[in-house]
Amino acid sequence: MNLLSNKPFILVTGGTSGIGASTALHFADAGASVLALGLDAQGPHAPCHPRIQCLELDVCDSAQLKQTIAELPRLDALINAAGISRHEQEYQPEAFQQVLHINLTAVMQASMAAATHLLQSKGCIVNVASMYSYFGSKDRPAYSASKGGIVQLTRSLAQTWAEAGVRVNAVAPGWIATPLSEGLMADPDASASILSRTPMQRWGQASEVASVIGFLCSPAASFVNGAVIPVDGGYLTA
Ligand SMILES: NC(=O)c1ccc[n+]([C@@H]2O[C@H](COP(=O)([O-])OP(=O)(O)OC[C@H]3O[C@@H](n4cnc5c(N)ncnc54)[C@H](O)[C@@H]3O)[C@@H](O)[C@H]2O)c1
């Protein structure tokens with residue numbers, strides 16, 4: 001990959017689709033080198049850009065995740081975007097644990113593995129929360145628990161490295177058009193109910209989340225730490 005030592009280096013977990021892929025493109029377009037890791041790294045949703053390398057890596061493989069991050073030449077920002085929902089299956093212990101592992105435990109593991117690099121670069125972390133960080137969900141109890149946990153983990157880690165100049169924030173996307181939400185978008189009842197509560201009356205685009213992540217990583221956000229920013233077209237106001 002075209003890694004220039006004086007250019008920022010960004011790691012995006014879940015960078016192979018949706019919000020993560022859009023975030024990888026956002027940073028690459030701004031001149032950074034990006035490692036986008038996730039599943040289906042050569043698939044149709046993976047970002048294509050000369051400064052983005054897509055890597056097939058399951059974040060549940062903790063040893064591989066740790067080693068991959070340790071071997072990076074430098075790191076200026078870690079974006080934790082990998083996430084799944086198993087819907088009603090989350091009432092089964094195995095699915096509950098899998099969702100918690102991908103959406104929450106792996107975020108902690110990636111953050112700890114990235115800390116050495118970030119302390120050196122005075123970099124930052126941005127996590128991806130959700131509307132389900134605010135609401136419970138009888139349809140996806142593990143997803144909701146994991147996203148509630150992400151908010152508290154963000155606030156905790158925001159304290160951990162603050163004095164050393166490493167900021168940790170989160171975005172809480174509303175209803176964003178991505179492969180993850182395809183099912184909801186295709187369901188006329190579910191989609192109508194979402195749109196009726198969204199003051200802006202439309203689904204968000206992944207790029208609209210990516211640009212807020214970009215802001216949180218920029219010098220413009222130099223005193224923003226431990227914040228969770230909704231990117232939801234006003235959904236939370238209703
Ligand atoms: N789309 C929405 O409306 C919405 C709303 C709120 C929050 N989010 C959150 O945004 C993040 C991205 O979701 P999206 O909508 O872009 O979905 P998506 O399905 O398009 O992308 C999910 C990404 O996570 C990766 N991933 C899943 N399991 C993985 C694993 N075991 N190891 C490594 N990578 C794995 C996938 O490969 C993919 O790159 C998730 O954390 C999701 O919870 C999405």
Side-chain angles (χ1 to χ4, degrees), residues 11-26 34-47 52 54-66 68-69 78-87 90 94-95 97-107 109-110 125-135 137 140 142-151 153-154 170-187 190-191 194-195 197-198 202-210 212-213 228-233 235-236:
L11 173 62
V12 185
T13 78
T16 55
S17 177
I19 292 169
S22 197
T23 301
L25 285 166
H26 176 93
V34 182
L35 180 62
L37 64 81
L39 307 180
D40 207 10
Q42 306 307 322
H45 303 297
I52 300 177
C54 291
L55 175 70
E56 186 79 24
L57 195 155
D58 184 340
V59 294
C60 293
D61 184 342
S62 308
Q64 190 65 43
L65 179 65
K66 196 173 162 185
T68 301
I69 295 174
L78 166 67
I79 316 302
N80 285 304
I84 63 161
S85 170
R86 298 278 307 270
H87 309 286
E90 294 175 9
E94 199 183 305
Q97 205 167 1
Q98 183 199 23
V99 173
L100 262 291
H101 194 153
I102 294 168
N103 293 11
L104 183 60
T105 307
V107 172
Q109 290 172 339
I125 297 175
V126 179
N127 297 323
V128 181
S130 163
M131 292 296 100
Y132 291 115
S133 301
Y134 304 92
F135 311 126
S137 170
R140 36 183 82 80
Y143 186 84
S144 179
S146 70
K147 294 301 183 180
I150 276 293
V151 168
L153 181 62
T154 299
V171 290
W175 305 95
I176 310 298
T178 70
L180 183 73
S181 56
E182 261 169 8
L184 275 177
M185 288 184 78
D187 175 340
S191 192
I194 285 166
L195 290 180
R197 192 187 153 164
T198 304
R202 65 171 175 85
W203 288 70
Q205 298 300 312
S207 60
E208 295 177 298
V209 182
V212 179
I213 293 174
V228 181
I229 302 192
V231 186
D232 67 349
Y235 188 87
L236 279 180

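Whatever order the structure lists ligands and atoms in, that order sets their numbers, starting from 1.
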Answer yes or no: is there a donor N or O on one side and an acceptor on the other, between the side chain of [X] and the main chain of [Y], under 3.5 Å?
X: T23; Y: I19; answer: yes
X: E56; Y: L37; answer: no
X: T13; Y: A82; answer: yes
X: S22; Y: S207; answer: yes

Requested in this report: Applying side-chain contact (heavy atoms from CB on, under 4.5 Å), run through I213 and H26 and close with a yes or a no.
Outcome: CA-CA 9 Å; I213 293 174; H26 176 93; over 6 Å; no

Can you report which non-hydrogen protein atom sits closest to [atom], along with the distance?
atom: atom 20 (O) of ligand 1; result: S17 OG, 2.6 Å
atom: atom 6 (C) of ligand 1; result: P173 O, 3.4 Å
atom: atom 27 (C) of ligand 1; result: I84 CG2, 3.5 Å
atom: atom 34 (N) of ligand 1; result: G38 CA, 3.5 Å
atom: atom 42 (C) of ligand 1; result: Y143 OH, 3.5 Å
atom: atom 41 (O) of ligand 1; result: K147 NZ, 2.9 Å
atom: atom 15 (O) of ligand 1; result: T178 OG1, 2.5 Å
atom: atom 12 (C) of ligand 1; result: A81 O, 3.2 Å

Below 4.0 Å, non-hydrogen atoms only: which portion of [X] touches ligand 1? Side chain, backbone, both or neither.
X: T16; answer: both
X: V209; answer: neither
X: L180; answer: both
X: H45; answer: neither
X: A82; answer: both
X: I19; answer: both

Requested in this report: Would you check whether N80 reaches within less than 4.0 Å of ligand 1, judged by its heavy atoms?
Outcome: no

Query raised in the report: Does ligand 1 have any atom that is closer than 4.0 Å to a heavy atom of A129?
Result: yes

Which heavy atom in [X] sits nearest to a heavy atom in [Y], and how many Å separate them?
X: S17; Y: P179; value: OG-CG, 3.4 Å
X: V59; Y: L65; value: O-CD2, 3.9 Å
X: Y132; Y: R140; value: OH-NH1, 2.8 Å
X: I150; Y: L104; value: N-CD1, 3.7 Å
X: C54; Y: A46; value: SG-CB, 4.1 Å

Side chain proximity check, [X] to [Y], heavy atoms < 4.5 angstrom:
X: I84; Y: Q98; value: yes
X: F135; Y: L236; value: yes
X: L25; Y: I52; value: yes
X: W203; Y: L184; value: yes

Regarding ligand 1, does [X] bring an N or O atom to under 3.5 Å of one of the ligand's N or O atoms?
X: W175; result: no
X: I176; result: yes
X: G14; result: yes

As a check for students: among [options], identify the option with a heavy atom nearest to [atom].
atom: atom 29 (C) of ligand 1; options: L39, V99, V107; answer: L39
atom: atom 30 (C) of ligand 1; options: L184, I150, D58; answer: D58
atom: atom 4 (C) of ligand 1; options: G174, S130, G18; answer: G174

Requested in this report: Find the distance between CD (Q97) and CZ (R86) and round it off to the nearest 0.5 Å.
Outcome: 12.0 Å

Atoms in ligand 1 flagged as close to [X], the criterion being non-hydrogen separation under 4.0 Å:
X: V128; result: 9 (C), 10 (O), 11 (C)
X: G83; result: 22 (C), 24 (O), 27 (C), 40 (C), 41 (O)
X: P179; result: 20 (O)
X: L57; result: 32 (N), 33 (C)

